[in-house]
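Numbering of ligands and ligand atoms starts at 1, following listing order.
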Amino acid sequence: MRSYLIVDIIKIVNTEDNLEIMRHSASHVMAEAVLSIFPDAKFGIGPAIEDGFYYDFDLPRPLTPDDLPVIEEKMTEIIKADLPFNHREITKAEAKKLFASQPYKLELIEEIPDEKVGIYEQGNFVDLCRGPHVKSTGEIKAFKLTNIAGAYWRGNERFPMLQRIYGTAFNNQKELDGHLATIEEAKKRDHRKLGKELDLFLMPEEIGGGLVIYTPKGGRIRTVVEDFWRQEHFANGYEILYTPHIGLSKLWEISGHLDFYQENMYSPITIDEQEYYLKPMNCPFHMLAYKSRLRSYRELPLRWAELGTVYRYERSGVLLGLMRVRGFTQDDAHIICTPEQMNGEIDEVLRFSLHMLRTFGFAKYKVFLSTRPLDAIGDEKLWKAAEDALRRVIDENRLDYEVDEGGGAFYGPKIDIKIEDALGRQWQATTIQFDFNEPERFDLTYVGADGQEHRPYMIHRALLGAWERFFGLLIEHYAGAFPVWLAPVQVKLIPVADRHLDYARKLESELKSRGVRAEVDDRSERMNLKIRQAQLEKIPYMLVVGDKEVADNTVSVRLRSGEQLPTQSFASFLEAISADIANKV
Ligand SMILES: [Zn+2]
Ligand SMILES: [Zn+2]
């Protein structure tokens, strides 16, 4: 099993704490073990990463999972031998001699600005490295090699593909076992695997990387979410805009995207000798809608939302299932308001976003506040007021947060909300971002109570973020067993024999008329096989109907967990499932 993982999403950590020092040291030990098996191995880099370490190798043959235990055994020998890690500083000329047969190391040596370079030696292995390391290999405790992947040298597809071995190390076996169990669970929940098994979406090679087709079941879920989203937006004082997928180069010149965002945009399409670009963002269209006439302070705030499908260039090496794609739909909105309205609007957006996230079952959040960077544009006072508004609303909601000083975009401060999934992993969802750039570029104004023209505040926000990524999260969070209100099929009717088919069909049409998504399994298969199938499809309710149920107008209810509920009247089942759907559980 080989997966192609991606340098960008892997967080290379600084070797500061002891666990990370041990993990990085383990990568050197792994490299020594690999060298003993493949004397001609060429070495890339071997950093500690979040939850473990890796090392990239150029080897004479592809590795297979069977190689891992062999390498582990060698590593265990090296650890048992308790070899010291020796550090030396040598001149670049010496280093070049020492690493003469290591082209990747030579490349790295060239780029080191200092006169001297650091090397670390243990046993038969010497590496170009700044350290730090543990004192000797014996300090490496419980470790495990977890995965083999292909990885381009320097994460760039124009360079050779190396073989990466991932591993992890912990202070004791118990912590290691706990971590490995989490990885196993994450594999079971992988949205790419479940997406195939549950027939939710496709990403066929023929349409190109990072582009998604939603199949009927995935389409159902998306429709339910979008309907809910629209209803909530109208209820919260938003209006919905629809805008085109392409726009003239002139638009992107005004907005500034061709200056500061072009590397993320696709090449232009020429129509009638004019250049059009696929939209990477929806904002410029909303700005034009605002500017279509003179605006009075009486109209503000304007809250304009759009499920806007945008296209952004991502390197092929970083694409990952639904989590990193090239075409995606943002649940975008722009709020245009007066300075006096800003605090209230920020309050509302945060409340709204938490309401949405909670409805989808995400109960833990981490908030990140990013403040004014050095290259900021716009009035310092405006920045200060906007940052204060963001800080205050986080405090008032008693949310756990971190400040990224100077980490804001050049055009405004923002808060990002990361949600924690069922495995405790954090994912970016909501963004609330001030913008002092576009109102300026599009010259947005409103006429105030004083009869003068003023510049409004503009806030971009996405609550769920990108639908694609949010869907991936939902799949993994629920391990594909969606709550009733989201399940693409909510009820599977299972007739025991063909003579019960009419009754099953009658119930199906009653359920459908009440807005319940129901299906009859009318195949002439054994009942148990049909139940098993419905369980695999993670359908919340199975209604088994036979002679007794037909005679009494009842249903025998099974849950996807395998639990059997007492036989009940069809009317009471209908009431119960309608309540589930209404309560969004
Ligand atoms: Zn090192
Ligand atoms: Zn925007």
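- Under the 6.0 Å cut-off for aromatic ring centres, Tyr238 and Phe352 qualify, their centroids lying closer than that.
- With a cut-off of 2.8 Å, the protein N/O/S atoms near the Zn ion (ligand 1) add up to 4.
- The distance from the Zn ion (ligand 2) to the nearest N/O/S atom of His286 is not under 2.8 Å.
- Here the Zn ion (ligand 2) is the vertex; the ND1 atom in His460 and the SG atom in Cys283 give an angle of 110° (to 10°).
- The six-membered or imidazole ring of Phe228 lies near that of Phe360, with a centre-to-centre distance under 6.0 Å.
- In terms of modelled atom types and a separation under 3.5 Å, the side chain of Asp404 and the main chain of Leu369 share no donor-acceptor contact.
- Between Tyr297 and Tyr446, a ring centre-to-centre spacing not shorter than 6.0 Å is recorded.
- The closest donor-acceptor contact from the side chain of Glu299 to the backbone of Ser296 lies under 3.5 Å.
- The line from CZ of Phe43 to CZ of Phe99 is 10.0 Å long, rounded to the nearest 0.5 Å.
- Two residues are said to be in side-chain contact when any heavy atoms from C-beta on lie closer than 4.5 Å; Gln330 and Val310 meet this criterion.
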